Amino acid sequence: MGTIRDPKLPRSFLRFLHKGLGLKNLADHIEQRQSWLGLAHLDIRTVVDVGANRGLAARDSLRVFPNAHVYCIEPIPALCDDIERWFRRRPGSVTVKN
């Protein structure tokens with residue numbers, strides 16, 4: 001099963017926002033968000049998600065950094081159970097701590 005990727009705005013559109021409309025700050029913000037603040041090209045191997053809630057950030061982290069091991073720290077036991085249930089499909093890539 002493949003992962004669903006977030007659609008990215010083309011660089012030509014970001015250039016238009018910046019140069020054509022003078023919205024440099026907006027274009028920079030969009031570009032940073034699309035590249036996880038410039039980290040998406042790095043081979044990140046460890047991610048720590050403190051206050052993991054239901055694991056949405058952890059899921060995004062695994063999508064952006066497929067070689068990473070994610071440590072989810074969540075103080076609410078029921079939410080830990082939700083995270084563990086979802087990540088059973090990815091054995092070895094996620095550790096949940098309550």
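Here the structure is a predicted model, which means the values were calculated and not measured. Position 1 is the first residue of the sequence, and the numbers go up from there.
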Engineer: Any non-hydrogen side-chain atom of Ser93 less than 4.5 Å from a side-chain atom of Leu62?
Structural biologist: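 Yes, their side chains come closer than 4.5 Å.
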Engineer: Search all heavy atoms of Lys97 against all heavy atoms of Cys80 and return the closest pair with its distance.
Structural biologist: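 So the two residues come closest at O-SG, 4.0 Å.
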Engineer: Which pair of heavy atoms, one from Asn67 and one from Arg45, lies closest together, and at what distance?
Structural biologist: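 Smallest heavy-atom distance, with atoms named: O-CD, 3.6 Å.
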Engineer: Taking a hydrophobic cluster as the set of Ile, Leu, Val, Met, Phe, Trp and Tyr residues connected by side-chain heavy atoms closer than 4.5 Å, whether directly or through intermediates, do Phe13 and Leu26 fall within one such cluster?
Structural biologist: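 Yes; Leu26 is reachable from Phe13 via cluster members.
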Engineer: Under a 4.5 Å cut-off applied to non-hydrogen side-chain atoms, are Asp43 and Phe65 in contact?
Structural biologist: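 Side-chain contact under 4.5 Å: no.
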Engineer: Measure the OH-CG distance between Tyr71 and Asp49 for me, rounded to the nearest 0.5 Å.
Structural biologist: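 These two atoms lie 13.5 Å from each other.
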Engineer: Just do the salt bridge (charged side-chain N to carboxylate O under 4.0 Å, His left out) check on Lys24 and Asp28 with the steps written out, would you?
Structural biologist: CA-CA 6 Å; Lys24 180 187 182 313; Asp28 288 348; 2.5 Å; yes
Engineer: Does Arg54 make a cation-pi contact with Trp86, if we ask for NZ or CZ under 6.0 Å from the ring centre and within 45° of the axis?
Structural biologist: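 No, Arg54 does not lie over the aromatic ring of Trp86.
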Engineer: Mind listing the closest non-hydrogen atom pair of Phe87 and Ala58 along with its distance?
Structural biologist: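 Nearest heavy atoms, Phe87 then Ala58: CZ-CB, 3.8 Å.
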Engineer: Determine yes or no for a side-chain-to-main-chain donor-acceptor pair under 3.5 angstrom, with Glu74 supplying the side chain and Leu79 the backbone.
Structural biologist: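 Side chain of Glu74 to backbone of Leu79, a donor-acceptor pair under 3.5 Å: no, none is there.
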Engineer: Looking at the rings of Phe16 and His18, which for Trp means the six-membered one, are their centres under 6.0 Å apart?
Structural biologist: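 Not close enough - the centres of the two rings lie 6.0 Å or further apart.
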Engineer: Does the side-chain contact (heavy atoms from CB on, under 4.5 Å) test come out yes or no for His69 and Thr95, once each step is laid out?
Structural biologist: CA-CA 8 Å; His69 185 94; Thr95 300; 2.6 Å; yes
Engineer: Can you name the closest pair of heavy atoms from Val47 and Ile44 and give their distance?
Structural biologist: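 Where Val47 meets Ile44 most closely, the heavy atoms are CG2-CG2, 4.0 Å.
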Engineer: When you group the ILVMFWY residues by side-chain heavy-atom contacts below 4.5 Å and let the links chain together, are Leu42 and Val48 in the same group?
Structural biologist: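 In one cluster: no.
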Engineer: Give, for atom CG of Asn98 and atom CD1 of Ile83, the distance between the pair rounded to the nearest 0.5 Å.
Structural biologist: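 So the CG of Asn98 and the CD1 of Ile83 are separated by 9.5 Å.
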